[in-house]
> 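Pasting in a structure now, in structure tokens, and then I'll have a few things to ask.
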Amino acid sequence: MNLLLASMDLEVFFNDKWWVVLLKALFAFVILLLLTLFTIWYERRVVAFMQHRKGPNMNGPFGLLQSLADGMKLMFKEDFAPTAADKFVFTLAPFVVAIPAITAFAVIPMAGLVRVPFSDITTPLQVTDLPVSVLFIVAVASIGVYGIVLAGWSSGSTYSLLGALRSSAQVISYEVAMGLALVAVFLYAGSLSTSEIVAKQSEPATVFGVPLWFAVQLLPSFVIYVISMVGETNRAPFDLPEAEGELVGGFHTEYSSMRFAMFFMAEYMNMITVSALAVTLFLGGWHAPLPFNLLPGADSGYWGLLWFVVKVLVMLFIFIWLRGTLPRLRYDQFMRFGWRWLIPISLVWTLMIAIVRMGQREGWFSGQGFWITAAAVFIVLVGLAFFGGREEPETEAGEAGEEGVGEFDAFADGYPVPPMGDQVLPEFAQVLTGQEDVAADPPAFERQPDEQPAREGSEA
């Protein structure tokens, strides 16, 4: 029944003339491309402000043409491929990354009904809509990881392959949390259509009598989505697939010229797409925020596009803010955070939302017994949080050091690995093999140039 109603409401998208659809598709592509060029400049200027620098300010007014200058530079750089690379897949991978980033923007509503210039035709400023538009965006966005995997595999480089494997594991892990965060929105809106979700957020709430965005009503889902979208797009502090301190450049180490530019643009396009999805699902879409939404016509026509772009820039600022303030996580910490915290919290929150929606429909919350039971459960949970559990026995520093030395060997598998958890390097635990020789042999940095360490069995 809901799908039938959705198809009836979405009939307006299928009645447009072919040239109107083509014009809207061209307009959406131009908006996405302009936002991409602006975001590159926007990020560099904001990070420069955070670091007390000026940032790009030479090319064009306020340096706005710096992105075009960088594009021209990449266009004329030498384009080469490694000898061991699979040439066809190596060339195909950037397109596999870039095309899904552009396609997903087709079902994002940028404004309400607008009039086509120089005509009397009115149409929604959205290329098209589907009864399952949100699932379409999630599915298309996840295809981009195939391009990253293909780029890493086809490069014939160990660093590129490791970056590609990291990216695939990262996307799989954080897509689960992102999908669970979106389920709560589906339950509240009763639809998977992006235009209907935006319309649902414009309805007055029952408590305050004014429209409340889902970011307020479903705050945990919004926070989980924001964290997941940063991990989904491989942005700092979750940019593990291209960690320059570990993998040189990650999956695009061997790329240059316009092939590298396509990866570069696809990353920013993905940032804009997930930000636009966050605006659509949680921040009211193209509707004006409070108190402007109380004014009649504040978001009608092309004014809705203005509010949509402003909200997208706010979400992009979160990306830039995180990059300029937080250090990169270690990979095991990043994966543990996703599987141990985000996914379980998303599951519990989604279950709670489902129970609440079912209770509202069945009238479970109208009786006094429910509130008494809920208060008792809340008190028990608070008591367990403060007084539950048990204290772990403290271990002596020496015992911990000896245990760490006995169990941990950084070169056990032939490759140097960092200590994990309670493991301690022997140097840090002040336990060195041949302790009696340490006093006789000073460290290398304390020796004189002509002084050599004493060795057992030597003539010295």
Side-chain angles (χ1 to χ4, degrees), residues 25 28-30 32-33 35-37 39-40 71 74-75 77 79-108 127-128 130 132-176 178-179 228-235 238-243 247-277:
F29 177 74
V30 171
L32 181 60
L33 191 60
L35 277 176
T36 301
L37 296 176
T39 303
I40 298 172
L74 289 172
M75 187 179 299
K77 290 190 70 172
D79 189 13
F80 60 88
T83 306
D86 187 315
K87 300 297 189 296
F88 176 74
V89 180
F90 187 81
T91 305
L92 179 66
F95 295 93
V96 178
V97 174
I99 292 176
I102 301 173
T103 307
F105 207 74
V107 294
I108 297 293
V127 178
T128 188
L130 303 169
V132 289
S133 290
V134 181
L135 295 184
F136 170 79
I137 295 174
V138 174
V140 170
S142 63
I143 294 177
V145 73
Y146 287 101
I148 295 176
V149 173
L150 292 176
W153 173 80
S154 64
S155 296
S157 169
T158 303
Y159 290 127
S160 301
L161 182 59
L162 287 174
L165 295 177
R166 278 189 176 189
S167 181
S168 60
Q170 183 169 325
V171 169
I172 292 172
S173 302
Y174 278 76
E175 267 193 351
V176 176
M178 177 183 289
S228 300
M229 78 177 185
V230 178
E232 178 86 4
T233 52
N234 299 333
R235 291 284 300 181
F238 301 153
D239 56 338
L240 280 308
E242 50 191 76
L247 304 176
V248 183
F251 60 90
H252 56 66
T253 299
E254 307 296 340
Y255 282 87
S256 64
S257 189
M258 287 306 296
R259 293 174 181 172
F260 171 77
M262 292 186 69
F263 282 115
F264 189 71
M265 292 185 62
E267 178 179 329
Y268 283 90
M269 286 182 178
N270 282 324
M271 288 171 54
I272 296 168
T273 300
V274 296
S275 298
L277 184 60

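Only heavy atoms go into these numbers, but all of them, side chains included; no hydrogens, no water, no symmetry mates.
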> Is the closest side-chain heavy-atom distance between Met258 and Asp79 below 4.5 Å?
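They are not in contact (no side-chain heavy atoms under 4.5 Å apart), so the answer is no.
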> Can you tell me how far apart CG (Leu150) and CZ (Phe88) are? Round to the nearest 0.5 Å.
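Rounded to the nearest 0.5 Å, the CG-CZ separation comes to 10.0 Å.
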> Roughly how far, to the nearest 0.5 Å, is CG of Asp239 from OG of Ser167?
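With rounding to 0.5 Å, OG (Ser167) is 11.0 Å from CG (Asp239).
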> Could you walk me through whether Tyr268 and Arg235 pass the side-chain contact (heavy atoms from CB on, under 4.5 Å) check?
CA-CA 10 Å; Tyr268 283 90; Arg235 291 284 300 181; 4.0 Å; yes
> Looking at Ala151 and Ser154, what are the two nearest heavy atoms and their distance?
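So the minimum-distance heavy-atom pair works out to O-OG, 3.5 Å.
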> Could you grab the distance from atom OG1 of Thr36 to atom CE of Met271, nearest 0.5 Å is fine?
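Reported value, rounded in 0.5 Å steps: 9.5 Å.
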> Please report the shortest heavy-atom distance between Val127 and Ala25, naming the atom on each side.
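For Val127 and Ala25, the tightest heavy-atom pair comes out as CG2-CA, 3.8 Å.
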> Looking only at heavy atoms, which two atoms of Pro94 and Phe90 are closest? And how far apart?
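Heavy atoms only, the tightest pair is CD-O, 3.5 Å.
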> Out of curiosity, Thr39 OG1 to Met265 CE, how far, rounded to the nearest 0.5 Å?
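One finds 10.5 Å between OG1 of Thr39 and CE of Met265.
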> Nearest 0.5 Å, what's the CE-CZ distance between Met229 and Phe238?
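Output value for this atom pair is 11.0 Å.
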> If the condition is ring pair (Phe, Tyr, Trp, His ring centres under 6.0 Å), which residues does Phe263 pass it with, not counting sequence neighbours?
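Checked Phe263 against ring pair (Phe, Tyr, Trp, His ring centres under 6.0 Å); matches are Phe251, Tyr255.
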> Please give me the minimum heavy-atom distance between Ala276 and Ile108, naming the atom from each residue.
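The pair with the smallest heavy-atom distance is CB-CG2, 3.9 Å.
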> Would a 4.5 Å heavy-atom cut-off, applied to side chains only, mark Met269 and Leu33 as touching?
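Of all side-chain heavy-atom pairs linking Leu33 with Met269, at least one is under 4.5 Å.
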> Say you draw a straight line from OG of Ser275 to CG of Asn270; how long is it, rounded to the nearest 0.5 Å?
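One gets 10.0 Å once the value is rounded to the nearest 0.5 Å.
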> In a check of side-chain contact (heavy atoms from CB on, under 4.5 Å) between Val140 and each of Ile102, Leu135, Thr273, Thr103, which one passes?
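That would be Thr103; it is the only one of Ile102, Leu135, Thr273, Thr103 passing the side-chain contact (heavy atoms from CB on, under 4.5 Å) with Val140.
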> Do Gln170 and Asn234 have a side chain donor and acceptor closer than 3.5 Å?
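Looking only at side-chain atoms, Asn234 and Gln170 do form a donor-acceptor pair, the distance falling under 3.5 Å.
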> Using atom types as modelled and distance alone, determine if a side-chain donor or acceptor of Thr128 lies under 3.5 Å from a backbone N or O of Val107.
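Checked: no pair found.
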> On a heavy-atom basis, which atom in Ala266 and which in Ala98 lie closest, and how many Å separate them?
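The answer is CB-CA, 3.9 Å.
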> Please find the pair of heavy atoms, one from Ser142 and one from Val145, that lie closest to each other, and give the distance.
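Distance-wise, the nearest heavy atoms are O-CG1, 3.0 Å.
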